[in-house]
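Contents: one structure, followed by commentary.
Naming: A, B, ... by sequence-line order, numbering from 1 per chain. Side chains included, hydrogens not; waters and symmetry mates left out as well; all remaining heavy atoms used. Just so it is clear, the structure is predicted and the values come from calculations on it, not from any experiment.
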Amino acid sequence: MKKLSVFLALILLVSAFGWAKGSEEKVTLSFLGPQAPWVGDWEGQFEKLYPNVKIDLIPMPGTGTIEEFLQPRVVANDLWDVFFINSNAFAENLAQKGVLPDLSKTEAAKNTIPALLEPFTMSNGVVYGIPIGLATTFFYYNASMFKQVGITSTPKTWDELLADFKKLKDAGIPGTVIAPGGDPSNTWFSNIFAQKVVAKNPDYVKQIKAGTLDFTQQGVVDIFAKIKSIVDLGYAHPAYMSLDYSKSMDVFLQQKVATLFAGSWQAGQLLKADFDVGVFLPPMNDQGEKKIGVLAPETGYSINAQSKNKAWALKFLEWMNGDGFATYQNNMGNVPHLKTVKGTVKLDPKLLALLEELKTNKAAWLWFQYIPTETMPLVQKLFEQVLLGDLKPADAAAKLDQSAKASVKK
Amino acid sequence: MRRSLSMAARRKSVGMLMVLPALAVTFVFFMYPMILTFRFSFTDWNGLSMKASYVGWKNFIRVFSDESVKQVMFNTFFLVIVYVPVLNILALLASVLVFGVRKAGNLYKAVLFLPNMLSMTVIAFVWKIIYAYDGGLINNVLGALSLKGLQQDWLGQKATVLPALSLTIIWFAVGYYSVVYLAGLSAIPIELYEAAEVDGINVFQKFFRITLPLIAQAITINVILSMIGILSLFDLPFVMTKGGPGYYSETLAMRIYTYAYSELRIDYALAMAVFLGVVSIIITVLLLLFFRRREVAL
């Protein structure tokens, strides 16, 4: 009798466990995330922690902006559960409409360096996105090519940069890639704007939002003039008009140019090249000028406030910035945006030294965090028109001014 | 009489019932969106909410006062003027050549049609590599032939980008339009050619006096289809050049996309879409009137 009772109790216990497990809610989270081979394993770590959750990854293609992908999904009310988001007017618009939730109370937000959370924070305190790293820009250079032409130290000013490019050109090596179809706005625009405009207009973000910043000022003209001078002096790769983002990287990795002006988010790929790659801070300053760089949050993540899986989406977001961060960071080669990081994070010592220098200087955001959304596509076209000779740098600055102010009036 | 009338009426109503599902699909997926597009093009709709206020012709005025739109319209009409005649001449020549081949004729037809089986996006990626400055097929061949001086940034110069795109589109589409011409050629009675041979006319006279007039309907179809295809061209230039350099390869369809998804100005996009639709209809009607007069009825 006793044996029968124990046996029955065991049966009941196993059934109860099976019922509980079987009745655990099965969730599929749709995730617009990075396109990389390691992402599957990384997501797998979260799925292992929560076996009832499956992550359906939709890799973000390399071409097109995040806003181009989000816009039709927002209109169709078919947003992913977790997705990339930039800190800009488009995202703020979505937050105002309740599409993006307030993430200010999350652990991820509390653990983010305040200066990097600021661009994702609206004036009413709503935090609509969490960055996935710290973003800045570097000149990555082929150390062998530099050595070959006798460049022993990296340039610290604009004139030194031009002088080094001349040495490379004389040796038959294109100095750099200028690719209007690539990433000139994140790099050339953001840095020269920081150096020449932010220095004189510290409240530039507020001024642009109010439509009072004068884009016809010399600092903005300099952006277009400097890029044009690189091309006119013959320091750029010859296919400068047709290269896109990924082809620009390929050209550098194939050792067809000496330098690539690119983001810290590309460090993971570029520093793993099969040749010695060095980095230096962009020398957009003139002799005697204090360097002002770019220090901003990376593209971030947000969740769909109207999703039925909102709670799990939030859990995934917290995990991304918690236990899952070290794996993400070590694969992307990003710079952490968090005050304290769980796990061991590998940072290239070359980047660390430069970041310390950058943090001691004044810094500005990346261009898409302050240029109005409607004006953004125009910036690339203005670069192209200036390089084609269809527009003078001053005319390009005037068109930029016109567009930026028109978007505010709307 | 009454019995035959009710039979006719019954046949008519059965016919209407048969057509109704297709009409419903056409209305729901084509006509209704067109009506809404036309309606919203006169509003300030932002694409995110259903609120929209009437703004009159403001969107159209804003779109056509944009200087870059002039270049975009030039690009589109350049492609129409170059692409449509060149494509149709090449497709016709190819089909005439292939039609006469007895041995392996089907193989030639298959090879001609092969590019058309791939998607335009795939074609665009492939040709982007072919045109690439570094490692592209064309520049590599020129280098191998010691013609490095002729190596170009084919997609990066205003002088070469549109011809480069035209060549790609023609290569892609010639097979498709050849099929229509081949169908037209197969409908020509062979006795006409036999009689012509007896009269001693040569190959060129056969082509211009017999073949060309008798495939007039096929020419009409192909010219109109190719014209509409070019007016709505988007995927190829989008993948290959993103409309660059500058605006030199941007088409009207690409500009609609840019307004809608890059600048997030749905209202401007709709105005441009309405313009493109109206232009397409006008050109189609004019072409139909022009070609119908020239068709020969046997």
Side-chain angles (χ1 to χ4, degrees), chain A residues 63-65 67-72 74-77 88-90 93-94 96-99 174 177 179-182 237-245 247 250-251 254 256-257 372-391 395 399 402-403 406-407 410, chain B residues 44-51 55 58 62 65-68 71-72 121 124-125 128-129 131-136 139 148 151-161 164 238-250 254-255 257-269:
Chain A
T63 54
T65 63
E67 291 73 29
E68 279 178 40
F69 287 103
L70 288 179
Q71 162 85 346
V74 169
V75 172
N77 201 19
N88 56 23
F90 173 78
N93 197 1
L94 294 185
Q96 277 164 2
K97 288 184 166 38
V99 175
V177 183
H237 185 275
Y240 57 88
M241 286 307 299
S242 60
L243 290 173
D244 59 21
Y245 183 85
K247 283 279 174 273
D250 287 346
V251 158
Q254 288 163 12
K256 293 193 164 99
V257 290
T373 308
E374 277 174 47
T375 304
M376 282 164 56
L378 181 65
V379 175
Q380 179 191 324
K381 290 297 176 187
L382 289 175
F383 278 130
E384 291 180 4
Q385 288 183 290
V386 166
L387 292 179
L388 284 169
D390 288 353
L391 274 183
D395 296 332
K399 283 186 178 289
Q402 203 181 6
S403 174
S407 66
K410 177 189 83 87
Chain B
D44 62 357
W45 187 49
N46 67 4
L48 289 176
S49 74
M50 285 315 290
K51 285 184 198 165
V55 294
K58 190 177 157 204
R62 166 63 181 81
S65 60
D66 186 342
E67 277 170 35
S68 61
Q71 182 64 48
V72 170
T121 310
F125 272 114
K128 194 172 172 178
I129 297 168
Y131 284 126
Y133 183 84
D134 285 318
N139 280 355
K148 276 193 174 165
Q151 287 176 338
Q152 307 279 335
D153 185 9
W154 301 101
L155 298 178
Q157 297 170 113
K158 40 186 171 179
T160 55
V161 67
F238 184 78
V239 171
M240 285 182 82
T241 61
K242 280 273 191 309
Y247 297 103
Y248 288 99
S249 65
E250 188 170 334
M254 276 190 69
R255 179 48 64 100
Y257 175 90
T258 304
Y259 278 140
Y261 298 113
S262 298
E263 292 184 26
L264 306 177
R265 290 306 307 251
I266 302 281
D267 42 1
Y268 296 166

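Residue A:Pro372: no heavy atom, backbone or side chain, is found under 4.5 Å from chain B. No part of B:Gln157 comes within reach of chain A, as not one of its non-hydrogen atoms sits under 4.5 angstrom from that chain. For B:Ala260, the part lying near chain A is the backbone, with the side chain staying farther off; criterion is any non-hydrogen pair under 4.5 Å. Neither the backbone nor the side chain of B:Gln71 comes within contact range of chain A; no heavy atoms are under 4.5 Å apart. For B:Tyr248, the part lying under 4.5 angstrom from a heavy atom of chain A is the side chain only. Contacts between A:Pro377 and chain B at a heavy-atom distance below 4.5 Å involve the side chain alone, from C-beta outward. Interface residue A:Leu378: only side-chain heavy atoms are found under 4.5 Å from chain B. Using a 4.5 Å cut-off between heavy atoms, A:Val251 touches chain B through its side chain atoms alone. Residue A:Tyr240 touches chain B through its backbone alone, counting heavy-atom pairs closer than 4.5 Å. Looking at A:Asp250, neither its backbone nor its side chain comes within 4.5 Å of chain B, counting heavy atoms on both sides. Heavy-atom distances place no part of A:Lys247 under 4.5 Å from chain B, backbone and side chain included.
Atom-to-atom distance recorded for B:Leu264:CG and A:Glu67:CD is 7.5 Å, nearest 0.5 angstrom. Atom OH of B:Tyr268 is separated from atom CD of A:Glu374 by 6.5 Å, given to the nearest 0.5 angstrom. A distance of 4.5 Å separates NZ in A:Lys256 from CG in B:Asp134, rounded to the nearest 0.5 Å. Remark: A:Met241 CE to B:Thr241 OG1 distance equals 10.5 Å, nearest 0.5 Å.
In this structure, the side chains of B:Thr258 and A:Lys381 stay at 4.5 Å or more apart for every pair of heavy atoms.
Residues B:Lys242 and A:Glu384 are not paired through a salt bridge, judged by the lack of any N-O separation under 4.0 Å between the basic side chain and the carboxylate. Ionic pairing of A:Asp390 and B:Lys158 is present here: one or more N-O contacts between side-chain nitrogen and carboxylate oxygen are shorter than 4.0 angstrom.
Contact record, A:Ser242 with B:Leu155: CB-C, 4.1 Å, taken as the closest heavy-atom pair. Closest non-hydrogen pair, B:Asn46 versus A:Gln71, comes out as O-NE2, 4.2 Å.
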Step-by-step side chain to side chain donor-acceptor pair (under 3.5 Å) determination, A:Glu68 to B:Ser262:
CA-CA 6 Å; A:Glu68 279 178 40; B:Ser262 298; 3.2 Å; yes

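For B:Lys58, the NZ atom sits in a loose shell: 12 or fewer heavy atoms of surrounding residues, nucleotides or ligands are nearer than 6.0 Å.
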